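By convention here, the first residue in the shown sequence is residue 1. What's counted below: heavy atoms across the whole structure, side chains too, no hydrogens, waters or symmetry copies. Everything numeric in this text was worked out from a predicted model, so none of it was measured.
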Amino acid sequence: MRVLVTEDDENLRVAVEASLRGAGFAVDAATDLPEADEALAVNAYDGAVFDRMLPSGDALRYVEHRRRAGWPVPVLFLTARDAVTDRIAGLRWGDDYLVKPFAVAELVARVRSLCRRGATLPAPVLRAGDLELDTGRHEARRAGTLLTLTTKEFLVLERLVAKGGPVPRAELIAAAWDELVPPASNVLDVLIAQLRRKLGPPPVLHTVRGVGYVLR
């Protein structure tokens with residue numbers, strides 16, 4: 001499961017990231033709302049953790065705005081504000097509310113529960129030409145034939161199908177790995193070569209020089 005953590009306190013952010021990764025989550029981190037906005041624009045998340053009071057404003061208002069537009073990602077708010085009115089407001093637009101200071105182990109447990117809750121939502125089936133991806137079952141078919149894909153191959157293919165156009169290398173790496181993978185790493189090139197073999201002829205996965213890859 002992939003989680004976005006938005007927290008401007010570096011020590012707390014690092015501790016939360018490490019604990020979530022240790023529990024098996026893929027984690028992206030942001031220090032403020034503009035960074036979170038950028039991450040949400042290019043990545044699909046199973047859950048999000050927001051410190052309420054960030055340099056650019058109250059994350060509650062940010063989440064409220066996204067909720068009104070139909071954003072479905074489960075959200076846990078972190079805050080030092082423990083008044084009943086604050087809790088009510090947080091639970092109106094978020095899904096969980098944890099008051100600082102807290103035990104990181106409790107945060108991990110709450111995030112796991114949060115992501116499971118979000119996973120009960122129906123998952124879409126994506127299509128591009130003769131490719132069909134069932135995102136709920138993590139199954140891919142070409143011309144009706146089931147493809148045997150690894151988790152990372154499926155995630156990269158899912159991003160390519162969902163985008164419907166050229167996808168930058170960095171975005172594909174972020175889709176299947178977390179931010180610890182260096183942008184210059186060749187892990188994506190190896191995966192693309194494997195994916196091309198599994199997709200078979202005629203070729204549909206093409207290189208866009210200087211950008212990344214595209215399905216045609």
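In this structure, Arg169 pairs ionically with Asp189, as a charged nitrogen and a carboxylate oxygen lie closer than 4.0 Å.
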Exercise for the section: Start with the C-alpha gap between Leu155 and Glu158, add the side-chain angles, then the distance that decides, and say whether side chain to side chain contact (heavy atoms under 4.5 Å, CB included) holds. Expected result: CA-CA 5 Å; Leu155 291 171; Glu158 179 183 11; 3.7 Å; yes
Handout entry: Pair Asp46-Leu114, side chain to side chain contact (heavy atoms under 4.5 Å, CB included): steps then yes or no
Key = CA-CA 8 Å; Asp46 299 289; Leu114 201 70; over 6 Å; no
Problem - Audit row: Leu107, Leu78, side chain to side chain contact (heavy atoms under 4.5 Å, CB included) steps and yes/no - result: CA-CA 9 Å; Leu107 171 66; Leu78 302 177; 4.0 Å; yes
Exercise for the section: Determine, stepwise, if the pair Leu126 / Asp134 fulfils side chain to side chain contact (heavy atoms under 4.5 Å, CB included). Expected result: CA-CA 7 Å; Leu126 305 178; Asp134 186 323; over 6 Å; no
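For Tyr97 against Arg81, the heavy-atom pair with the smallest separation is OH-O, 3.0 Å. For the pair Arg142 and Gly200, the tightest heavy-atom approach, listed with the atom from each and the gap, is NH1-O, 2.9 Å. Closest heavy-atom contact between Val63 and Trp93: CG1-O, 3.5 Å. Contact record, Leu33 with Asp58: CD1-O, 4.4 Å, taken as the closest heavy-atom pair. When all heavy atoms of Met1 and Cys115 are compared, the pair lying nearest together is SD-CB, 3.0 Å. Heavy-atom minimum distance, Ala23 versus Arg112: CB-NH2, 3.5 Å.
At least one donor-acceptor pair closer than 3.5 Å links the side chain of Glu35 to the backbone N or O of Thr31.
For Tyr213, there are no ring-ring contact (aromatic ring centres under 6.0 Å, His included) partners, not counting sequence neighbours. In this structure Arg127 satisfies the side-chain contact (heavy atoms from CB on, under 4.5 Å) test together with Val125, Glu132, sequence neighbours excluded. Judged as a ring-ring contact (aromatic ring centres under 6.0 Å, His included), and not counting sequence neighbours, the contacts of Tyr62 are Phe50. Not counting sequence neighbours, Glu38 has no partner by the salt bridge (Lys or Arg N to Asp or Glu O under 4.0 Å) test. Every residue meeting the salt bridge (Lys or Arg N to Asp or Glu O under 4.0 Å) condition with Arg141, not counting sequence neighbours, appears here in chain and number order: Glu139. Residues satisfying the salt bridge (Lys or Arg N to Asp or Glu O under 4.0 Å) test with Asp32, not counting sequence neighbours, are none. Under the salt bridge (Lys or Arg N to Asp or Glu O under 4.0 Å) criterion, Arg92 pairs with no residue, sequence neighbours left out.
Distance check: Leu40 CG to Trp71 CH2 gives 5.0 Å after rounding to the nearest 0.5 Å. Atom CG of Leu60 and atom CG of Asp86 lie 8.5 Å apart (nearest 0.5 Å). Distance CZ/Arg13 to OG1/Thr6: 9.5 Å, rounded to 0.5 Å. Considering NZ of Lys152 and CD1 of Ile173, their distance stands at 12.0 Å, rounded to 0.5 Å. Between atom CG of residue Leu191 and atom CG of residue Leu195 there is a gap of 6.0 Å, rounded to the nearest 0.5 Å.
Counting heavy atoms from C-beta outward, Val5 and Asp28 have side chains that stay 4.5 Å or more apart. Within the 4.5 Å cutoff, no side-chain heavy atoms of Val49 are placed close to those of Phe77. Counting heavy atoms from C-beta outward, Leu131 and Leu199 have side chains that approach closer than 4.5 Å. A 4.5 Å side-chain heavy-atom check between Ser113 and Arg116 finds every atom pair outside the cut-off.
The salt bridge (charged side-chain N to carboxylate O under 4.0 Å, His left out) contacts involving residues 191-201 comprise Glu153-Lys198, where partners must be two or more places apart or lie in separate chains. Applying the salt bridge (charged side-chain N to carboxylate O under 4.0 Å, His left out) test to every pair with at least one member in residues 99-109, sequence neighbours left out, gives these pairs: Glu7-Lys100, Asp51-Lys100, Glu106-Arg110. Every pair passing salt bridge (charged side-chain N to carboxylate O under 4.0 Å, His left out) that includes a residue from residues 60-78 is listed here, sequence neighbours excluded: Asp37-Arg66, Arg61-Glu64, Glu64-Arg68, Arg67-Asp95.
No chain of hydrophobic side-chain contacts below 4.5 Å, direct or via other Ile, Leu, Val, Met, Phe, Trp or Tyr residues, connects Leu98 to Met53. Note on Val3: it does not cluster hydrophobically with Val14, by side-chain heavy-atom contacts below 4.5 Å among ILVMFWY residues. Linking Ile, Leu, Val, Met, Phe, Trp and Tyr whenever their side-chain heavy atoms come within less than 4.5 Å puts Leu157 and Val187 in one cluster.
Clustering of Ile, Leu, Val, Met, Phe, Trp and Tyr by side-chain heavy atoms under 4.5 Å joins Val208 with Val211, Val214. Members clustered with Val84: Ile88, by chain and number, using a 4.5 Å side-chain heavy-atom cutoff among hydrophobic residues.
Counting heavy atoms of neighbouring residues, nucleotides and ligands inside a 6.0 Å radius, atom NE2 of His65 does not exceed 12 of them.
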